[in-house]
Protein chains: 4
Amino acid sequence: MPHPTFFNLPADKRNLIFEAAVEEFYEFGYAKASISRIVAKTGIAKGSFYQYFEDKKDLYRHVLEVIGGQKADFSAAAFRDLERNDLLQTVRELFVSGIRFYRAHPKLASIAGDFAKLRDPGLKREITGDAAAKSNEFFIQLIERQKESGRIAPDVDPPVLADLIAFLSVYVAEHYADQALSDSEEQAMKTIDSLLRIVENGIAATNRSGR
Amino acid sequence: MPHPTFFNLPADKRNLIFEAAVEEFYEFGYAKASISRIVAKTGIAKGSFYQYFEDKKDLYRHVLEVIGGQKADFSAAAFRDLERNDLLQTVRELFVSGIRFYRAHPKLASIAGDFAKLRDPGLKREITGDAAAKSNEFFIQLIERQKESGRIAPDVDPPVLADLIAFLSVYVAEHYADQALSDSEEQAMKTIDSLLRIVENGIAATNRSGR
Amino acid sequence: MPHPTFFNLPADKRNLIFEAAVEEFYEFGYAKASISRIVAKTGIAKGSFYQYFEDKKDLYRHVLEVIGGQKADFSAAAFRDLERNDLLQTVRELFVSGIRFYRAHPKLASIAGDFAKLRDPGLKREITGDAAAKSNEFFIQLIERQKESGRIAPDVDPPVLADLIAFLSVYVAEHYADQALSDSEEQAMKTIDSLLRIVENGIAATNRSGR
Amino acid sequence: MPHPTFFNLPADKRNLIFEAAVEEFYEFGYAKASISRIVAKTGIAKGSFYQYFEDKKDLYRHVLEVIGGQKADFSAAAFRDLERNDLLQTVRELFVSGIRFYRAHPKLASIAGDFAKLRDPGLKREITGDAAAKSNEFFIQLIERQKESGRIAPDVDPPVLADLIAFLSVYVAEHYADQALSDSEEQAMKTIDSLLRIVENGIAATNRSGR
DNA sequence: GATGAATGAGTCTTCATTCAT
DNA sequence: CATGAATGAAGACTCATTCAT
C-alpha cells in the first residue's frame with residue numbers, strides 16, 4: 001500500500017521509479033536491494049521516496065502486486081479452463097502462461113520467483129496476506145471434484161497434487177524459461193509438453209496399473 | 001576452500017565456528033548473514049576469521065560442502081539402487097533420504113534448500129563448480145538406459161525428467177518436511193508416497209494409454 | 001506569536017492542533033518533538049502548519065503561553081493573598097495551586113516543568129521575554145516589605161528566598177505530584193505541609209535562635 | 001559500560017573523545033547530541049566510535065559516570081561529616097562542594113544537572129541503576145537518626161527533607177553558580193549561606209514555635 | 001488561505017575487510 | 001598464528017522547511 005502520493009505522480013515518474021525498483025530487486029533480491037541506489041538511479045530525493053512508500057517492504061509489496069496483476073492477465077485463459085473443470089487442460093495452460101510471462105517479462109517473473117522461494121514466513125504473509133492459502137484451497141477442491149468424476153486416479157492425494165502443481169508452475173517455468181529465452185517459443189513448448197505428459201499420466205485415472 | 005589454518009584448528013573450535021555459521025546462515029540467509037555476528041557469537045577474533053576463510057563466500061561454500069557430504073551419507077542407499085538400475089526405486093529412496101535428512105538436520109537442510117533457490121548463477125557456479133552439471137548428466141544417462149530397457153515410457157524426455165527429479169528431491173522434501181517435523185515419520189512417509197505414485201505413474205512404461 | 005491565521009481557525013481545529021502539540025511535547029520534549037508527527041496526528045496539511053506557526057519554536061512558545069494562562073487561573077487565590085501581604089500564606093497557596101494544577105493537567109504541568117529545566121538561556125528568554133525577571137522582582141519587593149514589617153527574619157536574603165520559592169513551586173510540585181496522582185488529594189496535601197513547615201520555620205522571624 | 005577498546009586507547013585519544021563528548025552533551029543535551037558531530041570533531045572514524053561505545057546512551061552513561069566520580073571527590077568532605085552524624089554541617093558542605101564543583105568544571109556540572117532534570121524515568125534508571133534510590137534511602141535513615149537524637153524537629157518528614165536536600169544540592173548549586181562564576185568565591189559563599197540558614201532554621205529542633 | 005509534494009542534509013548504526021602488533 | 005582496533009562507505013529512515021498550485 002504505497003501512499004497516494006505515489007499514484008498521483010505523473011506516469012513518467014511513476015514508471016521511472018517502478019522500473020528502477022524492478023531493476024534493483026531483480027539484480028540484488030529483496031534483502032540486498034538498496035533504496036539509496038534506487039533514488040540515485042531515478043534522481044528523486046530520498047525524502048521523496050519515503051513520501052511514496054512506507055519503507056522498503058512497501059515498495060517490494062507494490063512491485064509484487066503489479067507483477068501479480070500482470071501474471072493474472074497471462075493466466076486468464078488457464079482460469080477460464082478452471083471453470084470448465086478440466087484440470088489437465090488447466091495445468092497445461094498454467095504452465096504455458098507461466099512460460100509466456102517469463103518470456104515477455106523475464107525480470108518481473110524472476111522477482112516473483114524469488115519471492116516464492118523466500119523462507120521467511122512472516123514476511124511472506126505480511127506481503128501476500130492469505131491469498132496464497134485461498135488459492136491453494138480452491139485448487140484442492142477442484143481436484144476433489146475431478147476425483148469424484150473419475151478423471152483423476154483415486155489414490156491421488158489432493159493437497160499433494162495441489163502443491164505439486166503450484167511448485168511446478170513457479171519453479172519449472174522459471175527453470176525452462178532460461179533456456180526458453182534463447183530457444184524459439186515452439187521449442188520451449190515442446191519441452192513443456194514433455195513435463196506435462198509426466199504429470200498427466202501420473203494423475204490420470206485411465207489404465208492405472210493395479211497397486 | 002578455507003585456508004589450511006582452519007583445518008589445523010582443534011576440533012572444538014572448528015565445530016564452534018561451523019555451528020555458529022550454520023546458525024547464522026539459517027537465520028539470516030546468505031545475503032544478510034553477518035560475519036561480525038558470527039565472530040561475536042563464537043568469541044573468536046575477527047582477524048582470525050579472515051585467517052580461516054577468504055571471505056563470507058568462502059565460509060558459505062565450506063558450509064555447503066559439509067552439508068553436501070552429510071546429505072551424501074543419507075542418500076547412499078539411493079545411489080546403491082542407482083547401480084541396480086531401478087530408477088523408480090532410486091527416486092523413492094532419494095525422496096525418503098531427503099526427508100530423513102531434513103528431519104535429522106533441519107537447519108542444514110534449510111541452508112541447502114536456500115542455496116538451491118538462489119538465482120545468481122555466477123555465485124552458484126563459483127560454489128558448486130561443475131558438480132551439479134555432472135550429477136545431472138549422470139542421471140540423464142541412467143534415464144536413457146531405462147528407456148532402452150523399456151521401464152520408462154518412450155515419450156519421456158530424459159533431461160526434463162532429470163530436472164524434475166532434482167527439483168522435487170530438494171523442494172518437496174523441504175516443503176513436506178515442515179509438516180513432517182511435527183508428524184510421525186510414518187505419517188510423513190505416507191504423504192511422500194502419494195507424491196511418488198504420481199511421479200512413478202507419470203513415467204512408467206506400463207499400461208500407458210495410447211497418445 | 002503564532003500567525004493570525006491560527007487564531008482565525010475554527011475552535012475545533014485550533015484545539016485539535018493544540019492538543020496534538022501538547023501530546024507531542026509531553027511525550028518527546030522540545031528537542032525531539034516532531035512537526036511531521038504533529039501534522040500526521042492532526043491530519044492538517046504540513047503547509048498549513050507553517051501558515052499557523054513560524055516554526056517549531058513558535059508552536060512551543062504558544063503552548064507555553066497557554067499553559068501559563070491556565071496556571072495563572074489556578075494561582076489566582078495565591079496572588080490575592082499576595083495583596084494581603086502574608087508571604088507564608090502566599091507560599092502555601094502557591095504550592096497548593098501548583099499541585100492542584102498538576103493534578104488537573106498533568107501533561108501541561110510537565111511541559112511547563114520541562115521548560116523551567118531547560119538550560120539554553122537564549123531559548124528561554126526568547127520564549128518568556130522578561131516575564132520571569134519581572135515576577136522575580138515583584139517577589140523580592142514583597143519579601144522586603146515583609147522583612148520591614150518584622151514577619152521575616154532579618155538575615156534572610158530576599159533574592160535568595162525569591163529564587164527558593166520559585167524553585168520549589170515548580171520542581172517540588174511536579175515531584176510530589178507523581179505520587180500525588182495516585183494518592184488522594186488529602187494525602188498529597190499532608191506531604192506538602194511537611195515541606196511547607198520547613199520553609200516557614202526557615203524564614204519566620206519568631207523564635208529565631210541567635211546567630 | 002564502554003567496550004574495553006575504549007579503555008585500551010592511548011590516554012590522548014581517550015581524552016580527546018571524552019572532551020568532545022562533554023562539549024557535545026553540554027552544548028546540545030542528550031537528545032540532540034550527534035555522534036556524527038563527535039566523530040567529526042575528534043577525527044576518529046565513525047566505525048571506531050561504535051567499537052568504543054555500544055551506542056549514544058553508552059557514551060552518555062560513561063560521561064555521567066566520570067562526572068559522578070569527579071563530583072564524589074569534591075563532596076568527600078561532606079560525607080566525612082555524614083559519619084559525624086551532623087546533618088546540618090553535611091548539608092552545608094554538600095552545597096559548598098556543589099558550588100565548588102560547578103566553578104571548577106562548569107560543563108560537567110551542567111551535564112549532570114541536565115541529567116538530573118530528565119523526565120524519562122526509563123532512561124534514568126537504565127543509566128544510574130538503583131544508585132539514586134539507595135543514596136536517598138541512606139539519607140532518610142540519617143535524618144531519622146537525627147530526629148531521634150533531637151537535632152531535627154519532630155514534625156519534619158524524613159523523605160520530604162531528603163528530597164529537598166537532593167533537589168537543592170543539584171538545582172540551586174547550578175543556579176547560583178552561574179552568577180558565582182563571575183563573583184568571587186567568597187561572594188558566592190555568602191549567597192549560599194543565606195540559603196543554608198533558611199534550610200537550617202527550617203529543620204532545626206531548637207526554639208521551634210509550638211504547632 | 002489551504003495544500004501536500006519536494007527536498008537533501010541529517011539521524012544512528014552495521015558492514016566486510018585490512019593491518020599493525 | 002592470533003589478535004582486535006581502525007576504517008569509511010553504506011544501510012534504512014526522519015527532519016524541518018519551502019513553494020508551486
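As a basis for the values below, the full set of heavy atoms in this structure was taken, side chains included, without hydrogen atoms, waters or symmetry mates. In the text below, chain A, chain B and the rest are named by the order of the sequence lines, each starting its count at 1. Owing to the predicted nature of the structure, the values given are computational and were not obtained by experimental measurement.
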Output one line per pair: protein atom, nucleotide atom from nucleotides 19-21 of chain F, and distance, for all N/O pairs under 3.5 Å.
none

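- Between A:Tyr60 and A:Phe25, a ring centre-to-centre spacing shorter than 6.0 Å is recorded.
- Side-chain atoms of A:Asn8 lie closest to E:dA5 of the nucleotides E:dG8, E:dT3, E:dA5.
- Comparing B:Ala31 and D:Ala31 against DNA chain E, the residue whose closest nucleotide sits nearer the 5' end is D:Ala31.
- By the side chain to side chain donor-acceptor pair (under 3.5 Å) test, B:Lys41 is found to be paired with B:Glu24, residues two or more places apart in sequence or in another chain being considered.
- Distance, B:His3 NE2 to F:dA2 P: 13 Å, rounded to whole Å.
- Toward the 5' end of DNA chain E, the nearer of the two residues B:Ser36 and A:Leu9, judged by each one's closest nucleotide, is A:Leu9.
- Between the side chains of A:His3 and A:Gln51, not a single donor N or O lies within less than 3.5 Å of an accepting N or O.
- Ring centroids of D:Tyr52 and D:His62 are separated by 6.0 Å or more, keeping the two rings apart.
- Two end axes, each from the C1' atoms of five base pairs, can be drawn for the helix from E:dA2-F:dT21 to E:dT21-F:dA2; they diverge by 10°, to 10 degrees.
- Atom CZ of A:Phe49 is separated from atom P of F:dG11 by 13 Å (rounded to the nearest Å).
- Residue B:Arg37 places at least one side-chain N or O closer than 4.0 Å to OP1 or OP2 of E:dC15.
- Separating the CD atom of C:Glu24 from the P atom of F:dT14 is a distance of 14 Å, rounded to the nearest angstrom.
- Residue contacts shown for C:Lys32 are absent, as no nucleic acid heavy atom lies under 4.0 Å away.
- Closest non-hydrogen pair, C:Ala33 versus C:Lys56, comes out as O-NZ, 3.0 Å.
- Side-chain atoms of A:Ile35 lie closest to F:dC13 of the nucleotides F:dC13, F:dG11, E:dA2.
- In this structure the side chain of B:Val66 never reaches within 4.5 angstrom of the side chain of B:Leu108, judged on heavy atoms.
- Spacing between atom CD of A:Gln51 and atom P of F:dA16 amounts to 13 Å, rounded to whole angstrom units.
- Taking side-chain N and O atoms only, C:Ser34 has no distance below 4.0 Å to OP1 or OP2 of F:dT14.
- Backbone-only engagement by B:Ala33 is indicated by non-hydrogen atom pairs under 4.0 Å involving sugar-phosphate atoms exclusively.
- For C:Asp58 (side chain) and C:Met1 (main-chain N/O), a donor-acceptor pair under 3.5 Å exists by modelled atom type.
- Taking the side chain as every heavy atom from C-beta outward, D:Ile38 and D:Ile44 never approach each other to under 4.5 Å.
- Rounded to a whole Å, the CD1 atom of A:Ile38 is 11 Å from the P atom of F:dC13.
- Ring centroids of A:Tyr30 and A:Phe115 are separated by 6.0 Å or more, keeping the two rings apart.
- Although no hydrogens or angles enter the test, the distance criterion places no donor-acceptor pair under 3.5 Å between the side chain of A:Arg119 and the main chain of B:Asp114.
- Put simply, CG on D:Asp58 is 14 Å from C1' on E:dC12, counting in whole angstrom units.
- Here the C1' atom of nucleotide F:dC1 and the CD1 atom of B:Ile44 are 13 Å apart, to the nearest Å.
- Note on B:Tyr52: only backbone sugar-phosphate atoms sit closer than 4.0 angstrom, heavy atoms only; bases stay farther off.
- Taking atom CG of A:Asp55 as the reference point, atom C1' of F:dG11 lies 14 Å away to the nearest angstrom.
- Of all nucleotides listed (F:dA5, E:dA2, F:dA12), F:dA12 comes nearest to the side chain of A:Lys56.
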